[in-house]
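All values reported here derive from a predicted model rather than from experimental measurement.
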Amino acid sequence: GGIRYSLLVNEDEVVALAALMTYKCALMDVPFGGAKGGVKIDRKKYSEGELERITRRYTFELFRKNFIGPGLDVPAPDFGTGPREMAWIADTYIQLSNGDIDGLGCVTGKPVAQGGVRGRNEATGLGVFFGIREACAVEDDMKPLGLTTGIAGKRVVVQGLGNVGYHAAKFLQEGGAVLVGLAESEGAIHSAKGLDLAAVMAHRKATGKIT
């Protein structure tokens, strides 16, 4: 299950998310129990060096309590974490486990150059797209809403343009949906004619915001 860095992290949320991970693994017949983790920080207030020390210390505590390992619990990226943090976790675990031959399997979402899997970065957003696509394909559900089946022409609003939100928006737009609204922590934008996701992301990269 994923590890998130957020001020919204609390024990009740982690327990609930761990339960959902357990159900997902069971439904898909994936041989993991399901877990979740979190660190209650605002990552924007910490330097890269501080985030690395926090991540490595968190991994040390997981290892010390026997909460992490290829056959035990395999953490993953979540809100506020990504390939960089997963690489730190893997490196720390390998050091602590005395070169366990399966050590890199202690975490998913690593950079490809450090044992990661191609396609992992966009996998969650792609999963969101597939779920919406299948839901929109059911005529008995679409008809009462006054909608036709299919993604094409559907108006979509996406909240959050992190890894999951961005890729979900990208695949929805490529599937013919119209992105009429995008929301992020700094504000939201709307256009009835549709927003160009690539242009929005370029603007955000240049200015630090979507507004």
Side-chain angles (χ1 to χ4, degrees), residues 1-6 8 17 20-21 24-25 27-28 30 36 38 42-44 48 51 74-89 107-139 141-142 145-211:
I3 294 174
R4 56 180 53 184
Y5 287 1
S6 168
L8 299 176
L17 291 169
L20 290 172
M21 289 303 301
K24 285 198 286 186
C25 288
L27 286 166
M28 297 304 296
V30 176
K36 208 74 178 182
D42 180 355
R43 60 170 296 127
K44 294 177 183 177
E48 182 175 343
L51 287 170
V74 181
D78 201 283
F79 184 85
T81 61
R84 181 183 64 178
E85 287 75 20
M86 299 306 108
W88 290 335
I89 291 173
V107 68
T108 72
K110 302 176 291 292
V112 173
Q114 291 171 271
V117 177
R118 295 185 190 280
R120 174 63 180 82
N121 198 42
E122 61 267 30
T124 309
L126 184 58
V128 171
F129 166 73
F130 285 151
I132 294 172
R133 185 189 69 181
E134 295 308 303
C136 290
V138 182
E139 188 174 1
D141 291 334
M142 293 294 102
L145 299 173
L147 299 172
T148 57
T149 55
I151 292 287
K154 296 287 191 299
R155 291 174 298 159
V156 177
V157 175
V158 176
Q159 180 184 1
L161 285 172
N163 181 47
V164 179
Y166 164 72
H167 283 104
K170 176 179 180 289
F171 291 120
L172 284 164
Q173 190 170 63
E174 289 175 358
V178 182
L179 295 176
V180 295
L182 296 170
E184 251 297 344
S185 56
E186 66 269 11
I189 55 177
H190 169 266
S191 171
K193 295 179 180 178
L195 296 158
D196 182 334
L197 182 64
V200 171
M201 297 305 289
H203 173 76
R204 192 181 193 207
K205 186 176 182 180
T207 67
K209 54 189 179 181
I210 65 172
T211 51

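Using a 4.5 Å heavy-atom threshold, the side chains of I3 and D78 count as separate. The closest side-chain heavy-atom distance from Y166 to L197 is below 4.5 Å. Residues T81 and M86 have side chains in contact (heavy-atom distance under 4.5 Å, counting atoms from C-beta outward).
For the atom pair NZ (K209) and CD1 (I189), the distance works out to 12.0 Å, reported to the nearest 0.5 Å. Residue I151 holds its CD1 atom at 12.5 Å from CD of E174, rounded to the nearest 0.5 Å. Note: L172 CG to R133 CZ = 11.0 Å, rounded to the nearest 0.5 Å. With rounding to the nearest 0.5 Å, the separation of OG1 in T108 from CD1 in I89 is 9.5 Å. Distance CH2/W88 to NZ/K110: 16.0 Å, rounded to 0.5 Å. Between the CG atom in N121 and the NE2 atom in H167 there is a gap of 5.0 Å [rounded to 0.5 Å].
Taking all atoms of both residues into account, the shortest heavy-atom contact from G187 to I210 is O-CD1, 3.5 Å. Residues L161 and R204 approach most closely at O-NH1, 3.9 Å, considering heavy atoms. L179 and Q173 get closest at one heavy-atom pair: CD1-NE2, 3.6 Å. Looking at every heavy atom in both residues, R120 comes nearest to A76 through NH2-CB, 3.8 Å. Summarising the geometry of F129 relative to F171, their closest heavy-atom pair is CE1-O, 3.5 Å, with the distance given to 0.1 Å. The shortest non-hydrogen separation linking V180 to A192 is CG1-O, 3.9 Å.
Results of the side chain to side chain contact (heavy atoms under 4.5 Å, CB included) test with T148 over M142, E139, K154 single out K154 as the only residue that passes.
A salt bridge does not link K170 with E122: every distance from a Lys NZ or Arg NE/NH1/NH2 to an Asp or Glu carboxylate oxygen is 4.0 Å or more.
Although no hydrogens or angles enter the test, the distance criterion places no donor-acceptor pair under 3.5 Å between the side chain of H190 and the main chain of L195.
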